[in-house]
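Notes follow once the structure below has been shown.
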Amino acid sequence: MKRLIAGAGMALLLASCGSPSGEVDYNLLPVKSGGRYGYVNPEGKYVINPQFDDATMFREGIARVKKDGKYGYIGRDGNYICLPIYHDATVFQEGIAWVTKEKGAPTAINTQGKELFTVKEAYNVSCYSEGLADFSLRTGDKGLILHGYLDKKGNVVIPPTYTQAGDFGQGLAAVSVDWSPFGYIDKKGETKINFQFGRAERFDEHGRAIVKAEGPEGLCGVINRKGEYVINPQFASLTADGDRYLLQLERNGDYGYCDADGTLTINPQFEEALPFYGSQLAAVNVGDLYGYINEKGEIAITPQFQGAAPFFGGRAPVYSSSKIGFINEEGKFTVNPQFQELSGDYFLNEENIIGTPFTHVTSQYIDTDRLAERLRALLADGQLDGMSFPPSVSEVLKRYKIEEKSVPVYDDWKQSLGYWGNCLTAKLALNGYFYKEVSDGWWGTKRLLDKEAKADRVQLHINLFDVATGRSADVRDGLQKALNGSEYGAFHFDIRCEGGSEVIIDITK
């Protein structure tokens with residue numbers, strides 16, 4: 001969907017769609033004018049003056065706003081519930097939002113702005129759906145990101161074992177164990193619908209979910225909570241729209257609509273189209289302009305706009321003369337085009353906002369205590385990862401199951417130890433000359449690997465990426481604090497930064 005209101009700077013974020021809900025207040029609309037967001041009423045009059053860098057719709061009576069690069073929350077009166085102090089933040093769902101402070105871990109807050117608990121080990125956390133929140137963390141030396149679920153006290157109720165995980169609907173959530181196929185689990189983590197789908201969406205209020213058959217050419221259909229098809233896989237794309245579906249018969253084909261049984265009600269004929277979203281009108285593209293059709297597929301509002309969005313509460317934002325205004329269901333302007341942008345979450349009720357950027361945060365936290373634990377474990381019992389200190393060539397080859405030809409001649413010998421945190425990798429660096437020169441039987445010598453040779457110097461290299469990039473000083477200082485100085489048992493450490501994204505630890509004994 002290329003230009004349906006996108007030209008106005010409104011992000012169209014389609015997921016499984018339902019009817020508009022009272023949880024979203026469509027009487028206070030976040031609009032941008034003069035480079036700032038404020039809130040207007042249905043008549044286009046400002047209720048909260050433009051003052052924010054960004055702003056969302058009011059959900060559960062609270063809106064997320066951004067000012068001076070930080071996020072906070074306001075009530076309908078425009079007063080702050082939480083001052084803008086957060087690096088990132090979600091909207092509220094089920095009375096809870098997730099926030100992260102600069103360099104901080106995901107923290108849950110309630111509608112009074114009180115911080116409830118923090119999930120230090122999480123890499124990413126999403127809003128609650130039916131009492132559970134999807135979270136992910138890096139696991140194992142390979143750093144695989146796996147998903148699980150938290151309850152509203154921050155307890156892990158379904159361990160992170162899934163490579164992909166969706167949100168709960170009708171007591172079920174779509175998950176995959178190895179990226180694909182997808183199946184559905186219940187709130188105990190028990191499989192209720194077998195893993196068989198190439199893609200699987202959240203169950204809607206009607207107890208139905210859109211799924212896609214496996215394979216690159218897999219078609220879309222609809223299942224019930226028993227996993228039975230109620231609409232057989234036959235469409236290139238499907239988007240739920242209350243008791244109907246927006247569809248494409250062919251990939252990159254025209255859009256049309258079908259009913260709950262999969263019977264076409266409006267033949268595919270539109271290059272672009274939106275769901276009805278509970279209204280009697282839907283935005284479509286005809287030629288280079290946008291207008292609206294009724295439920296019979298007839299043109300109800302003549303295509304005349306540069307962009308168009310759904311009707312909520314009897315009005316719709318449209319893009320005309322390079323500005324956004326609002327029209328009624330007769331196609332007449334109730335608010336003349338005058339605004340630069342409308343918040344992208346205008347399209348999203350509490351059903352289909354799940355899974356969008358409005359509902360998840362990524363951790364900014366570097367767990368140096370955990371890093372220190374890994375270092376202590378590496379040096380347990382006075383050894384280096386189960387080897388003598390410094391280790392011999394033969395010990396290293398055996399410990400890491402590597403071939404002799406991998407031992408460098410002149411460079412440091414670096415062995416990956418995998419991921420030691422959400423955004424940290426570790427390498428063991430051994431410095432020394434691990435070869436000996438022996439006679440070739442003639443007049444020269446040849447180089448042979450000396451398996452009894454030991455490293456002259458042992459280092460641990462910590463490399464930082466993603467949100468940890470450029471924060472080597474934080475890691476250095478955190479490690480020094482966690483280790484209570486520069487010693488552990490018989491070992492001594494010299495911890496230093498090498499640029500902004502690498503920490504080198506010299507280990508001696």
Side-chain angles (χ1 to χ4, degrees), residues 1 4-5 12-24 26 166 169-170 174 197 199-213 218-286 290-301 303 308-316 329 346-356:
M1 304 208 174
L4 284 173
I5 211 63
L12 176 58
L13 302 169
L14 286 177
S16 56
C17 305
S19 302
S21 164
E23 289 296 313
V24 183
Y26 291 100
Q170 302 292 308
F197 309 111
R199 192 188 77 210
E201 296 186 6
R202 185 175 186 259
F203 275 94
D204 63 20
E205 59 186 0
H206 304 291
R208 295 178 163 215
I210 295 172
V211 295
K212 182 180 180 181
L219 297 176
C220 297
V222 179
I223 60 171
N224 60 23
R225 293 183 72 254
K226 295 180 180 180
E228 303 165 335
Y229 277 104
V230 293
I231 298 179
N232 288 326
Q234 57 189 292
F235 302 108
S237 74
L238 274 180
T239 302
D241 186 16
D243 57 359
R244 64 166 69 86
Y245 296 90
L246 175 67
L247 62 88
Q248 288 174 297
L249 291 177
E250 300 175 352
R251 183 173 297 183
N252 300 320
D254 289 338
Y255 286 87
Y257 301 80
C258 69
D259 62 19
D261 296 323
T263 303
L264 289 178
T265 55
I266 300 175
N267 288 329
Q269 57 191 286
F270 304 106
E271 183 181 353
E272 301 176 55
L274 288 179
F276 282 83
Y277 287 97
S279 168
Q280 295 181 345
L281 301 176
V284 297
N285 156 247
V286 178
Y290 297 82
Y292 292 83
I293 58 171
N294 61 24
E295 293 174 312
K296 295 181 180 180
E298 303 165 336
I299 297 294
I301 298 177
F311 272 93
F312 290 130
R315 62 183 174 273
E329 292 178 338
Y346 169 86
F347 298 92
L348 307 172
N349 60 32
E350 82 275 17
E351 286 286 328
N352 57 43
I353 194 172
I354 293 172
T356 72

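Only heavy atoms go into these numbers, but all of them, side chains included; no hydrogens, no water, no symmetry mates.
- Summarising the geometry of Ile210 relative to Leu238, their closest heavy-atom pair is CD1-O, 3.6 Å, with the distance given to 0.1 Å.
- Between Phe311 and Phe276, the distance from one ring center to the other does not fall under 6.0 angstrom.
- Annotation: side chain of Phe270 is not in contact with side chain of Asn285 (no heavy-atom distance under 4.5 Å).
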Go through the steps for Arg208 and Tyr245 under the test side-chain contact (heavy atoms from CB on, under 4.5 Å), then give the verdict. CA-CA 12 Å; Arg208 295 178 163 215; Tyr245 296 90; 3.6 Å; yes

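- Under a 3.5 Å cut-off, the side chain of Tyr292 and the backbone N or O of Ala309 do form a donor-acceptor pair.
- Here the two rings, on Tyr26 and Phe312, have centers that are under 6.0 Å apart.
- Rounding to the nearest 0.5 Å places CG of Leu219 at 8.5 Å from NZ of Lys212.
- When the side chain to side chain donor-acceptor pair (under 3.5 Å) test is applied to Glu295, the partners found at least two apart in sequence or on another chain are Arg244.
- Ile231 CD1 to Asn224 CG: the interatomic distance, rounded to the nearest 0.5 Å, is 11.5 Å.
- Across all their heavy atoms, Glu329 and Ile301 have their closest contact at O-CD1, 3.8 Å.
- Looking at heavy atoms from C-beta onward, Thr239 lies out of side-chain contact with Leu247 at the 4.5 angstrom threshold.
- By the side chain to side chain donor-acceptor pair (under 3.5 Å) test, Asn294 is found to be paired with Glu298, residues two or more places apart in sequence or in another chain being considered.
- Checked by atom type and distance alone, the side chain of Glu228 never pairs as donor or acceptor with a backbone atom of Lys226 at under 3.5 Å.
- Panel note: side chain Arg202, backbone Ala209; no donor-acceptor pair is recorded below 3.5 Å.
- Between Val284 and Tyr257, the shortest heavy-atom distance links the atoms CG1-OH, 4.3 Å.
- A donor-acceptor contact shorter than 3.5 Å links the side chain of Tyr346 to the backbone of Pro310.
- Taking Arg199 as the reference, Glu201 meet the side chain to side chain donor-acceptor pair (under 3.5 Å) condition, with sequence neighbours excluded.
- With rounding to the nearest 0.5 angstrom, the CG atom of Leu274 is 9.5 Å from the OH atom of Tyr255.
- For Gln269, the CD atom is densely surrounded, since the number of other residues' heavy atoms within 6.0 Å is greater than 12.
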